[in-house]
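Naming convention: chains lettered A, B, ... in sequence-line order (proteins, then strands); numbering from 1 in each chain.
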Number of protein chains: 2
Amino acid sequence: MDEHLLKINSIIEQLDGETLSALEAVSKIKTYKKGDFLLYQGEVCRYSFWIESGIARKFYLNENKELTTELLFENDLAVAFSSYVTQQPSQEFIQAVTDVRVSSIDNSSFQRIKGQFSALMELDLLMTEYYTMWLEKRLFDFHTLDASTRYSQLLRDQPNMIQQVPLTYIASYLGISLETLSRIRAKIKY
Amino acid sequence: MDEHLLKINSIIEQLDGETLSALEAVSKIKTYKKGDFLLYQGEVCRYSFWIESGIARKFYLNENKELTTELLFENDLAVAFSSYVTQQPSQEFIQAVTDVRVSSIDNSSFQRIKGQFSALMELDLLMTEYYTMWLEKRLFDFHTLDASTRYSQLLRDQPNMIQQVPLTYIASYLGISLETLSRIRAKIKY
DNA sequence: CATGGCATTTGACTTAAGTCAAATAATCAG
DNA sequence: CTGATTATTTGACTTAAGTCAAATGCCATG
């Protein structure tokens with residue numbers, strides 16, 4: 001899976017000048033303050049947001065509770081996937097966890113240049129594949145690991161995340177209540 | 001999401017003769033008997049299996065329990081996604097639930113012709129997108145719905161599935177124990 | 001048409017995690 | 001600094017679903 005990231009990077013590095021300038025032409029830098037929304041539920045996700053700096057999260061509401069589906073850092077791509085692909089209203093919100101700086105690309109523009117520059121089509125596929133494998137792993141983990149193990153793994157794999165993101169978001173990202181997370185942490189702390 | 005299927009179909013219908021014959025050249029019909037394995041855990045998923053007839057399932061083992069991740073019917077595509085994409089050993093098995101007839105395409109051949117016929121690249125992307133949206137929905141359902149509601153939805157959306165597939169598989173597909181499923185069914189039956 | 005082998009159901013009990021409420025701890029604006 | 005707001009922890013209790021064991025139903029075949 002990490003090799004997949006290398007593959008993506010190598011394609012990006014090998015993009016020819018023409019493709020790059022086409023990309024730049026449709027990209028726009030935007031900034032958001034902590035707490036701002038990049039996308040609201042019910043809105044169509046017309047942009048993909050490439051995070052230049054800061055942290056963002058995707059979440060949805062279920063019975064007045066927020067469920068964080070993804071936490072995004074520098075060089076991650078923030079999109080409400082289904083909405084972006086179908087151009088139907090999004091179930092998910094995208095919100096800035098810290099101040100955030102993104103490079104955003106409008107969907108229709110990207111569709112257009114994707115047809116002209118085949119490297120972009122390939123890139124789109126590779127990035128979608130990466131997200132899909134990430135989703136598969138997430139589903140797998142929810143089925144096979146208990147709350148405590150999921151937390152330990154996160155601690156091991158993304159130790160930075162726990163420091164930079166409030167526990168409420170971590171808890172809902174792990175699919176557990178804040179209280180349960182707190183208890184897990186109490187046990188694990190030596 | 002259903003419109004996405006239409007899009008996929010329309011692309012397939014519009015494939016030009018050259019592309020089609022390239023596809024046919026790399027496709028091979030295979031048949032499996034009920035219970036046979038199309039793919040074993042630990043094996044690399046070198047083929048994608050387009051189901052012509054019959055039912056297949058994907059599952060993995062966790063603590064000696066099978067967890068069914070997907071049930072596949074006519075015109076579905078059976079692949080152990082992560083393994084297929086990375087060409088690394090698969091966590092998942094693919095097994096024939098009934099006698100099955102598939103059209104299989106070898107990964108490396110497909111990669112090759114994908115580079116030559118851009119419609120295939122697009123098709124690959126669209127089908128991956130479809131699977132990704134399906135996965136997102138599955139994850140969403142696991143988080144927001146209890147076992148009973150998940151079953152009712154399945155009953156509503158794929159009533160045929162319940163008739164044609166043993167309850168053990170249905171239960172593990174729903175992420176619940178066989179006993180729980182049985183109790184849910186006892187309640188729902190009027 | 002009996003019988004052994006699956007598939008499904010039922011019962012009794014356990015458990016991981018949730019909920020609601022309250023207590024601390026940390027942070028931040030004035 | 002200091003009070004207020006927000007974040008985290010702790011406690012007591014509930015609950016959905018799991019587990020283990022046993023009973024029943026359902027065929028398929030010899």
Q: By nearest nucleotide on DNA chain C, pick out whichever of E179(A) and A147(A) is the more 5' one.
A: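 The answer here is A147(A).
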Q: Give one of base, sugar-phosphate or nothing for L181(B), where a contact means two heavy atoms less than 4.0 Å apart.
A: nothing
Q. Reckon S148(A) touches a base, only the sugar-phosphate, or nothing at all at heavy-atom distances under 4.0 Å?
A.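 Here S148(A) touches no strand at all.
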Atom-pair distance ([atom1] on [X]; [atom2] on [N]), nearest Å:
{"X": "L167(B)", "N": "dC27(D)", "atom1": "CG", "atom2": "P", "result": "12 Å"}
{"X": "Y169(A)", "N": "dT8(D)", "atom1": "OH", "atom2": "C1'", "result": "15 Å"}
{"X": "D146(A)", "N": "dA16(D)", "atom1": "CG", "atom2": "P", "result": "21 Å"}
{"X": "I176(B)", "N": "dT19(D)", "atom1": "CD1", "atom2": "C1'", "result": "15 Å"}
{"X": "L174(A)", "N": "dA17(C)", "atom1": "CG", "atom2": "C1'", "result": "13 Å"}
{"X": "L178(B)", "N": "dT10(C)", "atom1": "CG", "atom2": "C1'", "result": "12 Å"}
{"X": "I170(A)", "N": "dT8(D)", "atom1": "CD1", "atom2": "P", "result": "9 Å"}
{"X": "K65(B)", "N": "dG18(D)", "atom1": "NZ", "atom2": "P", "result": "10 Å"}

Q. Where the side chain of T168(B) is concerned, which of dT10(D), dT8(C), dT19(D) is the nearest nucleotide?
A. dT8(C)
Q) So does T180(B) get a side-chain nitrogen or oxygen closer than 4.0 Å to the phosphate oxygens (OP1/OP2) of dA17(D)? A)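 No.
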Q. Do any side-chain nitrogens or oxygens of R185(B) fall under 4.0 Å of OP1 or OP2 in dT8(C)?
A.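 It does not, given that no N or O in the side chain of R185(B) lies less than 4.0 Å from OP1 or OP2 of dT8(C).
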Q. Rounded to the nearest 0.5 Å, how far does CD1 of I105(B) lie from CD of Q111(B)?
A. 11.5 Å
(Q) side-chain contact (heavy atoms from CB on, under 4.5 Å) for I113(A) and L23(A)? Distances and angles first, verdict last. (A) CA-CA 8 Å; I113(A) 62 174; L23(A) 255 185; 4.2 Å; yes
Q. Name the one of E92(A), Q91(A), R57(A) that satisfies side chain to side chain donor-acceptor pair (under 3.5 Å) with T69(A)?
A.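 Testing T69(A) for a side chain to side chain donor-acceptor pair (under 3.5 Å) against E92(A), Q91(A), R57(A) leaves exactly one candidate, E92(A).
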Q.
Here's one to test your reading of the geometry: is the NZ or CZ of R138(B) within 45 degrees of the ring axis of Y173(B) and under 6.0 Å from its centre?
A. yes
Q. Is the NZ or CZ atom of K28(B) positioned over Y47(B)'s six-membered ring, under 6.0 angstrom from the centre and within 45° of the axis?
A.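 Judged by the rule (NZ or CZ under 6.0 Å from the ring centre, within 45° of its axis), K28(B) is not positioned above Y47(B).
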Q.
At less than 3.5 Å, do the side-chain atoms of R183(B) and the base atoms of dG11(C) form a donor-acceptor pair?
A.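 By the distance-only test, yes, there is a pair.
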